[in-house]
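This report refers to the structure that appears directly beneath it.
Throughout, a chain's letter reflects where its sequence line sits, starting with A, and its residues are numbered from 1.
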Protein chains: 2
Amino acid sequence: MTRDRRIILHVLGEASIPLTAEDILERVNASQPGMALSTVYRTLDELISRSSVQRTLLSNDGHAFFELMGSVHRHYMVCLGCHRMFPFSSCPVGDFADSAAEELNFEVTDHSLVLYGYCRHCRLGRQSQGSE
Amino acid sequence: MTRDRRIILHVLGEASIPLTAEDILERVNASQPGMALSTVYRTLDELISRSSVQRTLLSNDGHAFFELMGSVHRHYMVCLGCHRMFPFSSCPVGDFADSAAEELNFEVTDHSLVLYGYCRHCRLGRQSQGSE
DNA sequence: GTAGATGCAAAGTCTTTGCATGTGT
DNA sequence: ACACATGCAAAGACTTTGCATCTAC
């Protein structure tokens, strides 16, 4: 409905990986300077409540990440060197979750899976230098 | 080495699930009143750097959870109703991670898996009341 | 006596909220 | 005009840091 909501959805649509609120603000301001960070958060809340956007759980470092509510089920590998995120769509959790949950009489509605490690580029750096 | 470090390790050892810093302080003060929250955080940092303790990634609600560095590989189901955590030790990620990572030339060193849903008790509440 | 540990309070970071101003119908 | 959206600044929640005191060797 509103202009800002449209802009933020567009930014999230362009991104292939989850963004932080600051990331979003930065990209919005690149084309439409002037938006406040609080507007980003408020709009994200709105979009989350409409199930257009979801927060994703990617690190414990205090940042929240946001992405369009997935048409496709995806997970990410997060590089501990450069902190880039690499999406992948295969997922071993589905059936497993159901059977693991059954033992506890638990009803699983969702899950989060993140692989941590080093991307191709950062592996090279680590091999040749021994440290970052 | 220090008394507080020993106490905190003991508290974490008694707990079967990850605790927040506040949880830890509460339990410490039950037997040894007077510890400050900053001491809990400082001691946890110390223990983490020694790989005795790890932060675990369980929710995006601002709290960090801490647990003893696992001798056993474990994951958790987190109840969205009562927020209790239920550990389970089976894991479908190991081999999967390696093959998924290979495509991207990524080196996986760790992973996080959390199942969200409703525990046995909260399922009953939801069925009979329609809401919590 | 020196190095490290601790309590308290202040500072930091990310996020949320209050309030007055703006915008669109 | 009225409802809703927005910028700015202040408030909040969790965590970290500074500093003076205290402990232990």
*Report the distance from atom CG of B/L57 to atom C1' of D/dC14, rounded to the nearest whole Å.*
16 Å
*Compare all side-chain heavy atoms of A/F88 with those of A/M77 and state whether any distance is below 4.5 angstrom.*
yes
_Could you tell me how far apart A/L37 (CG) and D/dA10 (P) are, to the nearest whole angstrom?_
16 Å
_Need to verify one output field. Residue with the more 5' nearest nucleotide on DNA chain C, A/E22 or A/S38?_
A/E22
*State the dot-bracket string of DNA chain D. Criteria: Watson-Crick or G-U wobble, both atom distances under 3.5 angstrom; notation: ( ) intrastrand, [ ] crossing earlier pairs, | interstrand, . unpaired.*
|||||||||||||||||||||||||
_Under 4.0 Å between a side-chain nitrogen and a carboxylate oxygen: does that hold for B/R50 and B/E46?_
yes
*For the hydrophobic clusters of this structure (ILVMFWY residues joined by side-chain heavy atoms under 4.5 Å, transitively), does one cluster hold both A/V53 and A/L57?*
no
*asked:* Please report whether the ring centroid of A/H111 lies less than 6.0 Å from that of B/H75.
replied: no
*Interatomic distance, B/D61 CG vs C/dT16 C1' [rounded to whole Å]*: 15 Å
*Answer yes if the ring centres of A/H63 and A/H83 are under 6.0 angstrom apart, and no otherwise.*
no
*Identify, residue by residue, the members of residues 3-11 of chain A with a heavy atom below 4.0 Å from DNA chain D, and return them in order of residue number, or none.*
A/D4, A/R5
*Between B/Y76 and B/E67, does any side-chain donor sit less than 3.5 Å from a side-chain acceptor?*
yes
_Once you measure the plane-to-plane angle for A/F86 and B/F106, does it fall in the parallel (<30°), tilted (30-60°) or perpendicular (>60°) bin?_
perpendicular
*For B/C82 and B/C122, which heavy atoms make the closest approach, and how far apart are they?*
N-SG, 3.6 Å
*In sequence, state the C-alpha distance, the side-chain angles, and the governing distance for A/D4 and A/V40, and then conclude on side chain to side chain contact (heavy atoms under 4.5 Å, CB included).*
CA-CA 8 Å; A/D4 287 6; A/V40 174; over 6 Å; no
*Whole-Å distance between C/dA5 P and B/L44 CG?*
14 Å
*asked:* Nearest whole Å is fine: how far is C/dC14 P from A/I24 CD1?
replied: 14 Å
_Ignoring hydrogens and geometry beyond distance, is the side chain of B/R42 in donor-acceptor contact with the base of C/dG4 at under 3.5 Å?_
no
*asked:* Let's see if you can work this out: which of D/dT6, C/dG7, D/dT16 has an atom nearest to the side-chain heavy atoms of B/R55?
replied: D/dT16
*What's the CE-P distance between A/M35 and C/dG22, to the nearest Å?*
18 Å
*What's the CG-P distance between B/L25 and D/dA13, to the nearest Å?*
17 Å
*Starting at CZ of A/F66 and ending at P of C/dC14, how long is that distance when rounded to a whole Å?*
13 Å
